A.B. asks: 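Below is one structure. I have some questions about it.
Side-chain atoms are counted along with the backbone in the values below, which use heavy atoms only and exclude waters and symmetry mates. Atoms within a ligand are numbered from 1 in the order they appear, just like the ligands themselves. Predicted model only: the values in this text are computed from it and were never measured.
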Amino acid sequence: MIFDTPASNNPIDQLKVIGQPASRIDGPLKTTGTAPYAYDRFNVIPNQAYGYVLGSAIAKGRIVSMNLSAASAYPGVISIVTAQNAGKLGKGDFNTAALLGGPEIQHYHQAIAVVVAETFEQARAAAHLIQVKYARSKGLFDLAAEKSKGVAKDDANTIAKSAVGNFANAFQSATVQLDSSYSTAHQSHSMLEPHATIASWDGDQLTLWTSNQMIAWAVAEVAKTLRISKEKVRVISPYIGGGFGAKLFLRSDALMAALAARTAQRPVKLSLQRALIANNTTHRSATIQRLRIGATKDGQITAIGHESWSGNLLGGSPEAGAVQTRALYAGANRLTSNYVSLLDLPEANAMRAPNEASGLAALESAMDEMAEKLDMDPIKFRIKNDTQVVPDSPSKAGSGEAKADAKPNQHPPFSIRQLTKCFQTGAERFGWNKRISKPGQVRDGRWLVGMGTASAYRENVVMKSAARVRLDNRGHITVETDMTDIGTGSYTIIAQTAAEMMSVPLEKVTVRLGDSSFPASSGSGGQWGGNSSTSGVYAACIKLREAVAEQAKAMDAKFNIKDAVFSDGQILSGSRSIPLANLAGSRGLTVEDSIEFGDLDKRYQQSTFGAHFVEVGVDAATGEIRIRRMLAVCAAGRILNPKTARSQVIGAMTMGVGAALMEGLEVDKRYGFFVNHDLAGYEVPVHADIPHQEVIFLDETDSISSPMKAKGVGELGICGVAAAIANAVYNATGVRVRDYPITLDKLIDKMPTLV
Ligand code: MOS
């Protein structure tokens, strides 16, 4: 099915199952510890040996020699793979650095060997007996030092630079000006389930039980890297313990397991050890961002400039912090650029709402600072500069690709934009009118209390997605698609979609995900998965409804297909009704289809919007920061399941707290690695850090986005949170911290005098 005209009324609009807060179908499996995660799958293939990955001890240079003799002789060792005996490897399109290093080393903890042994302990012990001689070369590890050498760089989805009007002149002549710089830290995904894979070869046929967000990408990248055909690769990943972008791409666990299993001639299971992950895999690059805003005295923005600098290995993309500034606020004169500097740190790549999460941390702090300069309420300031069209030059709108048919001086409209309503709803609910704009005025015992707010903005991306659906002679529906559930609720919303489409109860739908033998879906990434994959299921169900109607006609010549409706597990026409079960035949009815998106996403800017509200307490004596309560108001199209969507958003808000207050990979600038490479040193929020969260979804349907009329929402929840917290800390204390995370050492010297 091609979706190229806005959706009209369709069976989803019945909202009997869609839109209901169904509990997650996979919940009982998760809470009883019986969901089969990759590393747990002892029973999928017998005779599994253990692999252990060794990472490079230098960040840049060459391996001069590797002495494997002690390791090879260690009890239980079966084989060892290094670049020397791995055979010629290709490199996947999504990988910047090679997944198996040597002799050239591109980053610290780049995999250089995998040891296979009978037990995990033997593999680990033997790996530490490998003697490696390195020739270390000098590397670049400090973003601030390399910033001036940054180059503006496009990536697949984002153009590097855009300009509208004359920013320099307009900024210069603006009555009120702000010129302010911010920085965000390198961050690590830190999902609970580590990267893990069991690999097995049957002749030249490879099966990987792994943990991956994007099954079809994984198949293609494995094939390309091993230089075999895609047909020889099967990837199975039905349950995923978090990904956050870390599992979008092929990583070393899967490649090393495949290589290890080939040389060992046995299935091999391996998991990247926690302390390897931060440096072996990918991270979100730190950013340095400069914001310049010029406005009239009454708060109309006349000039807005946002430049963002980040780092990556050669060939890598920027963390494009400036992208949302092209679309969020009006203003005739604009300048946005995304620069990337060469750094020899591990590969930087997508993490938890890439670009906007970091970009809004800066932009929305600047908006708060500007509102103060204007002596304006920060919500009023944002509403005053709201816009219903993309203010950037049309050929460069948003963070997506160029809008194809946009003409000069035309600004594409948003499919729907309710930013102002998000703020109005949130202000009312949160009690914003109790905020005292002068900082440092509210005291609750030892706590200085403050409120902050910020806009949330995130692109809505749509992706082709296919599914297979089957009706059997019990009236049961089975959906198969290679879509993944990374803890998001995919199983549940896909079942709800099929149940709604076929008019059967949720219990009569079985959903099977995460297997490359199923039709290729959108996968899970960039908050496109929920809307795109259910749209693919919608398309397949439309086809199944047609097949069912044909069967009804075949069974009863007087059955009128044109009048057919589906209700209560039956197909009805006039006074005739036939249970679906009776139409399936002994072999069942199976159909397959996909949703493909036309150019609606080029003619309209599809984005999701929100407003975040945060109240913090800052210990008046120590500067310790505590979140007291958080509210997110989201406008993100139809909410397919308010329970799973809420879980997505509160999880994202929690990640925003991490980015604001604690998360940061510390760089050893001499040797070029992230020092705090485990969950003891890299802090993420825990339940005790998050006392109270509330989420409001505005009633919204977006018929331009998909037949589901939904949009992404998972990543929206993180976008803007860090700034809302920084703004609340400022309101509590009068101390503006522009360098995330806001740890108490950055506050303590500037705190108000104790009274
Ligand atoms: Mo997301 S960072 O695209 O998994």
Side-chain angles (χ1 to χ4, degrees), residues 93-96 155-158 184 186-195 210-218 221 237 239-251 277-278 281-285 287 310 312 316-321 323-324 346-361 399-400 456-463 465 482-490 513-514 521-533 606-608 636 647-649 651-656 658-659 663 684 711-719 721-722:
D93 296 337
F94 293 107
N95 294 135
T96 305
D155 70 18
N157 305 308
T158 311
T184 62
H186 295 290
Q187 296 170 349
S188 183
H189 306 79
S190 306
M191 65 284 151
L192 200 54
E193 183 203 19
H195 301 265
T210 189
S211 185
N212 191 291
Q213 298 171 226
M214 299 292 298
I215 302 301
W217 289 4
E221 297 280 272
S237 183
Y239 296 98
I240 296 161
F244 314 151
K247 296 170 182 170
L248 284 169
F249 313 119
L250 176 66
R251 298 306 319 164
I277 290 176
T281 68
T282 66
H283 66 286
R284 189 209 302 271
S285 174
T287 65
S310 58
N312 213 334
S317 298
E319 181 72 25
V323 289
Q324 72 290 314
E347 173 178 338
N349 219 317
M351 171 175 155
R352 310 184 195 159
N355 306 336
E356 282 101 322
S358 300
L360 286 162
S399 66
Y457 175 93
R458 176 78 174 155
E459 288 277 290
N460 179 64
V461 175
V462 288
M463 297 267 274
S465 198
D482 84 357
M483 180 59 186
T484 48
D485 190 322
I486 58 175
T488 39
S490 307
L513 301 181
S521 74
S522 64
S524 299
Q527 79 168 8
W528 63 62
N531 180 41
S532 301
S533 69
Q606 295 181 18
S607 305
T608 59
S647 290
Q648 286 291 284
V649 174
M653 290 158 78
T654 304
M655 293 175 183
E663 291 186 57
V684 297
K711 287 193 284 207
V713 73
E715 293 182 332
L716 179 67
I718 189 174
C719 294
V721 172

A.B. asks: Checking side chain to side chain donor-acceptor pair (under 3.5 Å) for the pair S532/S465: CA distance, chi angles, key distance, verdict?
C.D. replies: CA-CA 6 Å; S532 301; S465 198; over 6 Å; no
A.B. asks: With only distance considered, is L248 within less than 3.5 Å of ligand 1 through an N or O on each side?
C.D. replies: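 There is no such contact.
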A.B. asks: Does any non-hydrogen side-chain atom of M483 lie less than 4.5 Å from one of S522?
C.D. replies: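 Yes, close enough: below the 4.5 Å cut-off.
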A.B. asks: Should one rank M191, M214, R352 by closest heavy-atom distance to atom 2 (S) of ligand 1, which comes out on top?
C.D. replies: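 Going through M191, M214, R352 one by one, R352 has the nearest heavy atom to atom 2 (S) of ligand 1.
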A.B. asks: For atom 4 (O) of ligand 1, what's the nearest protein heavy-atom neighbour? Residue, atom name and distance, please.
C.D. replies: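 Here the closest protein heavy atom is Q213 NE2, 2.8 Å.
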A.B. asks: Which ligand 1 atoms does F244 reach within 4.0 Å, using its non-hydrogen atoms?
C.D. replies: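 Those of ligand 1 that fall under 4.0 Å from F244 are 2 (S), 4 (O).
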A.B. asks: In Å and rounded to the nearest 0.5 Å, what is the OG to CE distance from S524 to M463?
C.D. replies: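 Atom-to-atom, S524:OG and M463:CE are 10.0 Å apart.
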A.B. asks: At what distance is the nearest protein heavy atom to atom 1 (Mo) of ligand 1, and which residue and atom is it?
C.D. replies: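 Residue, atom and distance for the closest contact: E715 OE2, 3.0 Å.
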A.B. asks: Heavy-atom distance under 4.5 Å between the side chains of E319 and N355, does that happen here?
C.D. replies: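 E319 vs N355: side chains touch.
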A.B. asks: Quick one: closest heavy-atom pair of Q527 and T608, and the distance?
C.D. replies: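 Taking Q527 first and T608 second, the nearest heavy atoms are NE2-OG1, 3.1 Å.
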A.B. asks: Please identify which atoms of ligand 1 are closer than 4.0 Å to at least one heavy atom of P354.
C.D. replies: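 Atoms satisfying the 4.0 Å criterion: 2 (S).
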A.B. asks: For M351, take its heavy atoms, then give the atoms of ligand 1 lying under 4.0 Å from any of them.
C.D. replies: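 Reading through ligand 1 atom by atom, the close ones are 2 (S).
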A.B. asks: Could you identify the single nearest non-hydrogen protein atom to atom 3 (O) of ligand 1 and state the distance to 0.1 Å?
C.D. replies: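 Here the closest protein heavy atom is G526 N, 2.6 Å.
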A.B. asks: With a 4.0 Å cut-off on N to O distance, would you call E663 and R284 a salt bridge?
C.D. replies: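 Not counted as a salt bridge, because no side-chain N and carboxylate O are separated by less than 4.0 Å.
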